Amino acid sequence: MAQKQDTSILHLSNIIKRFYIGKPNELQILNGINLDVYEGEFVSIVGASGSGKTTLMNVIGLLDRPTEGKYIIDGVDIDEATDKELSYIRNQKIGFVFQTYNLVSKTNAIKNVELPMLYAGVPRKERTNRAQELLELVGMGERMKHLPEELSGGQKQRVAIARSMANDPAIILADEPTGALDSKTGRVVMDLFHKLNREQGKTILLITHSNELADETDRIITIKDGNIMGEKAGGWNL
Amino acid sequence: MMMITENIRMALTSLKANKSRAVLTMLGIIIGIASVIAIMTVGNSLTLSVSSAMQSMGANNITVSVQRQSSETEEREDGIVFGSVSKTRSVTEDDYITDEMIYQLLQDFSDSIEAISVSESVGSASVKSGKNTASIQVQGVSQGYFTANDITMIAGSRFSSKESTGAKNVALVTDRFVDDLYGGSYADAVGKDFSVELNGQTVEYTIVGIYEYEESEVGINGSSDNVTTTCYIPLTTAQDFNHSKNYSSISVIATVGIDSEELATKIETYLKGYYRSNQYFTVGAYSMASMVSALNDIMGNITMAISIIAGIALLVGGIGVMNIMLVSITERTREIGTRKALGATNSSIRMQFIIEAMIICLIGGIIGIILGIMLGAAGAGLLGYSASPTISSILGSMAFSLAIGIFFGYYPANKAAKMNPIDALRYE
């Protein structure tokens with residue numbers, strides 16, 4: 001269904017990423033990736049570890065620049081963007097969800113959710129209100145004042161999802177979000193992603209090594225040795 | 001502005017999370033600032049009290065005194081100063097400053113000299129009245145003396161000119177003296193006679209005036225229980241007693257508006273004329289102002305030198321802050337990566353850690369200032385002078401501790417700002 005939309009929010013053409021660990025040890029992780037993701041899509045990227053899916057994720061998330069190739073995110077060619085502009089795009093257009101949650105320790109749930117808004121310059125009161133709303137949305141309304149170390153893995157991940165939504169980004173990048181969770185909590189997290197995709201029209205990119213989870217998404221892209229091996233429509237596992 | 005308040009909040013959160021470490025880091029700053037403040041306080045109060053003591057002796061006073069001719073004896077090749085009897089002798093009446101010299105000086109410098117004060121020590125003694133005793137030091141003074149040395153009269157009056165020139169046995173004593181000897185009202189004590197044994201001679205003096213005893217004399221005279229106070233008698237009386245006519249030293253009071261240092265040089269040159277034929281003795285003139293400024297210079301230098309040492313303590317403290325900040329950013333690498341992923345720019349990360357370093361230094365600085373004020377007050381109390389640190393030194397140390405925060409916080413903060421976000425995110 002989503003492929004039919006003509007607005008591509010992410011456009012990658014011939015993306016190559018090399019690492020230089022000394023001249024003879026040049027390592028090419030991505031071998032010319034071509035990929036378009038459309039607005040409102042729920043796409044999963046599947047691959048074994050070492051396949052290059054994390055590197056691809058870093059490039060898409062603007063945490064790393066590609067060595068070669070063209071990458072346009074929401075109309076911005078990142079080749080021409082400065083580091084400061086990349087920070088701005090990360091802040092405004094991308095929401096990150098990590099396998100290891102990456103909540104800031106010693107800082108309670110609500111403050112963690114406020115962080116992206118802080119960097120966006122949102123006034124204090126507005127920040128707090130929005131963070132409360134988001135925590136309620138992910139079912140964490142009762143534990144807003146709790147520190148990360150007082151929360152379970154699933155709860156932490158729900159806080160992280162609320163945080164990824166803070167500046168209402170167009171894209172959510174989730175890197176193995178259920179990787180550290182048991183299947184029952186993983187289910188809760190996945191349901192949350194579906195809800196955000198369905199109800200708020202978020203474009204979601206899910207990186208996983210689980211074919212089962214990938215099957216739930218609209219489109220499944222398989223990556224192997226830095227190449228896209230194929231893609232197929234999913235969405236039949238729901 | 002919003003970022004700054006948020007950064008301060010974040011800094012306080014992270015300090016609270018690691019209290020003992022924060023306190024240990026601050027310790028260097030606390031010790032440094034506290035010692036700077038304490039030293040400055042003690043130094044300032046010492047300088048102030050010494051120079052004000054000297055001021056009260058008269059800032060425009062010039063002391064002229066008879067000195068040994070030094071050049072000839074010191075220039076001897078073998079360096080022995082007292083080798084030749086013919087070259088040195090003890091001072092005699094003829095070497096002293098005469099009334100004639102004083103008279104001429106007053107004539108020739110009438111524009112720049114307000115008064116000439118002459119005093120002559122007679123001796124110390126203890127006075128008995130019934131069971132009570134009081135120690136006094138008897139000093140003969142000219143009328144000009146009180147122009148140079150201000151005293152506050154409580155009862156009676158100063159010497160009349162008749163008493164001054166007539167060599168009368170009258171005396172000005174302190175309120176302490178009266179308290180120790182008679183008790184009772186000061187007015188009653190005026191007119192009383194007391195006898196003193198001075199240099200084997202018993203003399204009787206009549207009290208004509210009582211003046212206020214000033215505490216600052218304690219420093220020289222010792223314990224406050226049994227104080228030796230000064231008893232003034234007319235100069236002529238003292239001369240009669242000592243069988244002397246001339247003076248070993250005089251004080252010249254410059255007219256207001258006259259540069260006393262310059263006048264001192266002129267007087268010295270002038271009076272040296274009288275000593276041209278005297279191989280052994282000459283005169284020297286020193287203004288109080290030059291002594292005060294020389295003293296202030298010395299005190300300032302000492303304070304400065306100790307402050308530099310304290311400054312080194314601050315430097316070490318600052319390096320400690322830098323060290324802890326480096327440890328802290330290493331520990332918080334993942335947090336830095338996360339913040340960057342969430343949209344923090346390099347400059348906002350830099351700002352966060354510089355502010356954190358500044359907060360450590362500022363809190364340390366404030367504790368140090370409080371501690372320093374307490375130490376300074378305690379130190380000044382031990383010395384017997386009241387002390388107050390200057391506002392400028394407090395603000396200065398506050399600003400300095402913030403500057404340390406910026407200076408030593410910049411390098412770690414910049415290191416954090418330049419971290420590669422993926423490396424930081426994956427840091428274990």
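Everything numeric in this text was worked out from a predicted model, so none of it was measured. Each chain gets a letter, A, B and so on, in the order the sequences are listed, and its residues count up from 1.
- Counting all heavy atoms, side chain and backbone alike, Ala341(B) lies closest to Phe98(A) at CB-CZ, 3.9 Å.
- At most 12 non-hydrogen atoms from other residues, nucleotides or ligands lie less than 6.0 angstrom from NE2 of His209(A).
- Heavy atoms of Asn108(A) lying under 4.5 Å from chain B are absent altogether.
- Both the backbone and the side chain of Arg339(B) come within contact range of chain A, each with at least one heavy atom under 4.5 Å from a heavy atom of that chain.
- Thr100(A) touches chain B through backbone and side chain together, each having a heavy atom under 4.5 Å away.
- Each of Pro421(B), Ala344(B), Ala17(B), Ser347(B) has some count of heavy-atom pairs under 4.5 Å with chain A, and the biggest count is that of Ala344(B).
- In terms of non-hydrogen atom pairs under 4.5 Å with chain B, the most contact-rich of Pro116(A), Ser164(A), Ser105(A) is Pro116(A).
- Counted within 6.0 Å of CD on Glu149(A), heavy atoms from surrounding residues, nucleotides or ligands total more than 12; the atom is thus considered enclosed.
- For Ile391(B), the CD1 atom sits in a loose shell: 12 or fewer heavy atoms of surrounding residues, nucleotides or ligands are nearer than 6.0 Å.
- For Tyr71(A), the OH atom is densely surrounded, since the number of other residues' heavy atoms within 6.0 Å is greater than 12.
- Side chains of Thr54(A) and Arg426(B): no donor on one and acceptor on the other come within 3.5 Å.
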Inset, instruction - Please test Leu118(A) against Met10(B) for side-chain contact (heavy atoms from CB on, under 4.5 Å), starting from the C-alpha separation and ending with a verdict. - result: CA-CA 11 Å; Leu118(A) 182 74; Met10(B) 283 196 273; 4.0 Å; yes
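- Taking 4.5 Å as the limit, every side-chain heavy atom of Glu114(A) sits out of range of all side-chain heavy atoms of Glu6(B).
- In this structure, Lys106(A) does not pair ionically with Glu335(B), as no charged nitrogen and carboxylate oxygen lie closer than 4.0 Å.
- For Ser348(B), the part sitting under 4.5 Å from any heavy atom of chain A is the side chain, from C-beta outward, and nothing else.
- The shortest side-chain heavy-atom distance between Arg90(A) and Leu342(B) does not fall under the 4.5 Å cut-off.
- Here Asn346(B) contributes atom CG and Ser87(A) contributes atom OG; the two are 6.0 Å apart, rounded to the nearest 0.5 Å.
- Taking CG of Asn58(A) as the start and CG of Leu425(B) as the end, the distance is 8.0 Å to the nearest 0.5 Å.
- Between the Asn102(A) side chain and the Thr338(B) main chain, no donor and acceptor come within less than 3.5 Å of each other.
- In this structure, Arg334(B) and Val104(A) have side chains that are not in contact, with every pair of non-hydrogen atoms separated by 4.5 Å or more.
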